[in-house]
Amino acid sequence: MPLLMKEELLHFIWQSKTLLKQPLKTISGEPLQIIQTGILNSDAGPDFFNAKVKIGNTLWAGNIEIHIKSSDWKTHNHQIDRNYDNVILHVVYFHDAEIFYANGKPIPCIELRNLISPLTLRKHHQLQLNQNTIACEKIFTVPSSTELLNFMARLLVERLEEKCARIESSLVQNNNHWETMFYVLTAKYFGMKTNAQPFEWLAQNLPLSVISKHKNSLIQIESLVFGVAGFLETAHSDNYINLMKREFDFLKKKYQLHTLDKKVWKFARTRPANFPTVRLAQFASLIYQSTHLFSKILATESVSELINLYKIKINNKLNPFEFIGHETKSKQTEIGNAAIETLLVNTVLPVMFLYGKQHEKDELPERTLNFYELLMPENNSIILFWKSMGVDAKNAFESQALIQLKNNYCANLKCLSCIIGKQILLNSDE
Ligand code: SF4
């Protein structure tokens with residue numbers, strides 16, 4: 001018995017056309033013909049529903065159960081489970097025991113041991129051992145462009161659905177208020193990985209209802225953002241910052257605002273252009289320049305319109321480096337295009353996709369998928385790895401799909417659900 005034999009491989013063999021090419025017989029020697037392999041069942045009960053097989057001259061319709069050894073039927077207690085009464089064929093890798101229906105008749109059984117090519121088993125074994133960056137690294141072949149594109153479309157939707165699940169839980173935490181949820185998510189993004197948590201706290205301590213009362217005054221928005229972030233607690237030598245402090249002292253009392261301890265903001269190992277004070281200034285400008293941002297986003301018809309919503313400049317009276325007495329020559333005051341595209345790919349488009357689905361606005365998920373095709377691919381280690389394997393992402397649609405492939409399929413050895421893994425195993429069978 002191959003050590004790494006898995007029922008999952010037998011499912012794959014059962015569904016592939018491999019068995020159709022060979023004359024088949026049941027254990028009792030009757031000719032067997034597979035008419036329909038049935039529908040894979042991922043819940044409790046038999047492995048495949050609604051299959052059709054011909055045994056001898058009789059056509060049978062029902063379910064298929066697959067095991068590594070026929071004795072697994074008893075190990076899994078199927079003999080006392082009525083869900084298995086309608087099994088028409090027991091498919092096993094190794095036949096080690098006769099299995100019977102409740103009426104005492106033997107359940108027709110086919111053994112796959114001599115029907116799977118040794119090369120398929122070797123390649124499956126190789127995939128399962130996974131001693132490289134990805135399991136198939138040494139036997140990888142690029143699928144045809146149509147197959148790869150179809151698979152990528154599935155991967156992108158899967159990735160979007162995972163992101164949507166996280167957005168839905170954030171929506172629940174924000175009392176199903178879309179604008180608030182979007183405001184909190186955007187704040188988190190502005191914090192990038194390092195300061196996502198303090199940015200989230202900031203958004204939670206600075207309600208949109210307060211912001212909306214001051215949306216026409218840039219200095220008041222800046223004062224609220226920097227004040228709640230904890231940077232306006234003491235007097236400062238910079239005139240503009242002192243003006244902000246006076247504004248904030250008043251607004252803090254008026255709205256009973258809680259401030260963060262500025263120690264929560266992390267500057268270490270961050271480039272000056274990404275210092276949290278720079279990101280806070282950009283966030284304040286975004287709030288000021290884009291009232292009703294969420295509604296505007298939903299109404300955008302093109303990617304360039306969407307990107308333009310985020311092209312914001314920091315107020316030139318505000319020097320974000322002054323808050324920490326940092327002398328810097330960095331003059332970058334606006335969010336770069338690459339950062340905007342990352343924000344769109346990871347936050348804005350998934351929210352648009354989910355909003356469209358929840359509100360039955362079919363054009364939104366469709367538009368979201370089109371926008372992914374028009375945005376640049378990410379430039380990270382995963383995308384570079386795939387490039388070295390001959391799969392070069394042309395846009396964000398493909399890069400998101402490849403990230404999903406590596407993180408969810410390769411990392412969990414789901415090679416039998418992957419177009420590349422299937423191709424490797426099927427080719428070894430010819
Ligand atoms: S999931 Fe696909 S790409 Fe990843 S290791 Fe397996 S066969 Fe290769």
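Atoms within a ligand are numbered from 1 in the order they appear, just like the ligands themselves. All values below come from the heavy atoms of this structure, side chains included, with hydrogens, waters and symmetry mates left out.
By the 30° and 60° cut-offs, the orientation of the rings of H78 relative to H76 is perpendicular. The aromatic rings of F294 and W178 sit parallel, their planes meeting at an angle under 30°, below the 60° perpendicular limit.
At most 12 non-hydrogen atoms from other residues, nucleotides or ligands lie less than 6.0 angstrom from NZ of K74.
Side-chain atoms of S212 and S209 form no donor-acceptor pair, as typed in the model, at a separation below 3.5 Å. Side-chain atoms of E162 and N408 include a donor-acceptor pair closer than 3.5 Å. H177 and E179 are not linked by any side-chain donor-acceptor pair at a separation below 3.5 angstrom, with hydrogens and angles left out of the test.
Protein residues having at least one heavy atom under 4.0 Å from any atom of ligand 1 are I134, A135, C136, W386, Y409, C410, C415, C418, I420, G421, listed by chain and number.
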